[in-house]
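The structure appears below as structure tokens.
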There are 2 protein chains.
Amino acid sequence: MNKPARPAPKELKQNAASATVAEGLELAIHEHRLAPGTKLGEDEIGEIYGVSRTVVRSALQALAHEQLVQIERHRGAFVAQPSLREAREVFEARELLEPRTAHSAALRAVPEDIERLRRHIEDEHAALAASDSGRAVRLSGLFHIEISRIADQNTIAGFIETLIARSSLIIALYWRRESALCESHAHHALLEAIAANDAKQAEELMRSHLVDLHSALDLREKGAAPRSLKEALIGPG
Amino acid sequence: MNKPARPAPKELKQNAASATVAEGLELAIHEHRLAPGTKLGEDEIGEIYGVSRTVVRSALQALAHEQLVQIERHRGAFVAQPSLREAREVFEARELLEPRTAHSAALRAVPEDIERLRRHIEDEHAALAASDSGRAVRLSGLFHIEISRIADQNTIAGFIETLIARSSLIIALYWRRESALCESHAHHALLEAIAANDAKQAEELMRSHLVDLHSALDLREKGAAPRSLKEALIGPG
DNA sequence: GAACACAGTGTTGTATACAATAAGGATATA
DNA sequence: TATATCCTTATTGTATACAACACTGTGTTC
């Protein structure tokens, strides 16, 4: 077993200032404080963080590369609005990648991994109890990311991270109000399978969990434009 | 000599200038004209392309996001040198994703897709006949990318693109001289399966092709440092 | 009254200037 | 001669200035 000896809590980004701005924006998007379509003016952000447009631009370009923001030439940066097609693609990709990582994670997990996952689930419960749905979505995503980290496949984990980031936007756009946000049960079952080193079971639970998530979205063919317009109107505030 | 010579107006990126620089650097890396470890000075690149450091920095950061270059704070940008571990991860990810895209491509391919693939293979032959191994590597990668495009799954296709880009670096570092670069046979078989809409066969051929590629690399455990040092010494010139 | 043209304004794209840090070399000392 | 320290220099990180473009509102014309 090759010891990577590099837990890598976060990806080491090159320039600290731009990373701070990018993380701030990313968190706001994940927690649904920034709605899809929101204009992200460079001057405005720069003033908030006390940095120049140079730094802000760097951050925005990084987020654009993850497809969290869309940059239109001479028009500016906006929080991305994934299309129905992109939404479907993102979940299909997750359904391909994540069962595999759940399998590996179940084989590799050590007690401290289990402990970390358990704490995540507790936090999710707390966020749900506090009706902080933004934070709940964020934590739910982190749970999946944590599993991919345990699988010890950084490359695939990186892909999954971007997919989960985009999923956050997809949920903001297409979540069906009528379907409850009760993932913590599925997460708990997943945790048990991983704790028991039952790889087959973990893989299958992850697959069905993702299918459930996917089907809780309203991805029927229809113009997404009116919806995004509404979002844009109530979003920026 | 150093004519920027814009390659193609492929994807519409946000800022044209930085995209041109990024594409030029990326092509040079793909064709092994820039060796792993080569220092990429901002002023130097800016002078070559006739743009300011602002644009160059933007391009370098984009390439860093694809992990083609590594940026070290206050030290600069260097052509990335994937570790043994990263090399293994990249090929494991390809072995997970690409058989699936080959399957889909076989189901969806229309005659003009087949024609395009056929031309690619011809170009590969021509490059090999001309002993232009850099171009051959590049074209070989493009063949795989083309298949993922036919599969019509943009999200996964994007992942595969970055994996193939990194593969180019991995080949530059770890290719075993003794193993021949005779992929065009495998590519031809793949093309036939796709043309016949034989999805199962295409999937299996892709899988075995990737395994062959993987095993043609020298990924044994050993200090990669001396090798990269040598590369660095003869690289920049 | 409607449609078009045009200029004003604000935002982004790029270049340049300045600040901060790291690498390399020279000098002095043991 | 080896080593350590300081200084020089080159390169990157960030801020600011200027240029180019897009949007909006007003005025004119039919």
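Letters go in sequence order (proteins before strands), and every chain restarts at 1. Only heavy atoms go into these numbers, but all of them, side chains included; no hydrogens, no water, no symmetry mates.
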Practice task
Verify salt bridge (charged side-chain N to carboxylate O under 4.0 Å, His left out) between B:Asp132 and B:Arg138, making sure each step is shown before the conclusion.
Solution key: CA-CA 10 Å; B:Asp132 188 347; B:Arg138 168 71 177 150; over 6 Å; no
Practice task
Take atom CD of A:Glu115 as the centre, draw a 6.0 Å sphere, and report whether it contains more than 12 heavy atoms from other residues, nucleotides or ligands.
Solution key: yes
Practice task
Would you please confirm or rule out a distance under 4.0 Å between OP1 or OP2 of C:dA15 and any side-chain N or O of B:Ser52?
Solution key: yes
Practice task
State whether B:Arg75 places a side-chain N or O below 4.0 Å from either non-bridging phosphate oxygen (OP1 or OP2) of C:dA23.
Solution key: yes
Exercise for the section: Specify the residue among B:Glu42 and B:Thr54 whose closest nucleotide of DNA chain D lies further upstream toward the 5′ end. Expected result: B:Glu42
Practice task
For A:Gly76 and for B:Gly50, locate the closest nucleotide of DNA chain C by heavy-atom distance; then report the residue assigned to the nucleotide nearer the 5' terminus.
Solution key: A:Gly76
Practice task
Taking the side chain as every heavy atom from C-beta outward, state whether B:Leu173 and B:Gln81 have any atom pair closer than 4.5 Å.
Solution key: yes
Completion exercise
If each end axis of the helix from C:dG1-D:dC30 to C:dA30-D:dT1 is fitted on five C1' pair positions, the angle between them, to 10 degrees, is 10°
Problem - Test item: A:His30 side-chain N/O and A:Ile164 main-chain N/O as donor-acceptor pair under 3.5 Å - result: no
Exercise for the section: Let me know the distance between NE2 of A:His74 and C1' of D:dC21, rounded to the nearest Å. Expected result: 5 Å
Completion exercise
Whole-Å distance, B:Arg53 CZ to C:dA17 P, equals 12 Å
Handout entry: Selected nucleotide, minimal atom distance to A:Lys39 side chain, candidates D:dA15, C:dT14, C:dT12
Key = C:dT12
Problem - Whole-Å distance separating the CG atom of A:Leu40 from the C1' atom of C:dT11 - result: 14 Å
Exercise for the section: Quickly work out the A:Arg57 CZ to C:dT12 P distance and round it to whole Å. Expected result: 8 Å
Problem - Distance in angstrom units between B:Asp43 CG and D:dG13 P, rounded - result: 12 Å
Completion exercise
Tightest non-hydrogen contact, residues A:Glu89 and B:Asp152, listed as OE2-O, 3.8 Å
Problem - Separation of D:dT11 P from B:Ile45 CD1 (nearest whole Å) - result: 12 Å
Problem - Side-chain heavy atoms of B:Leu68 within contact of B:Glu26, under 4.5 Å - result: yes
Handout entry: Taking every non-hydrogen atom, the tightest pair across A:Leu84 and A:Tyr174
Key = N-OH, 3.4 Å
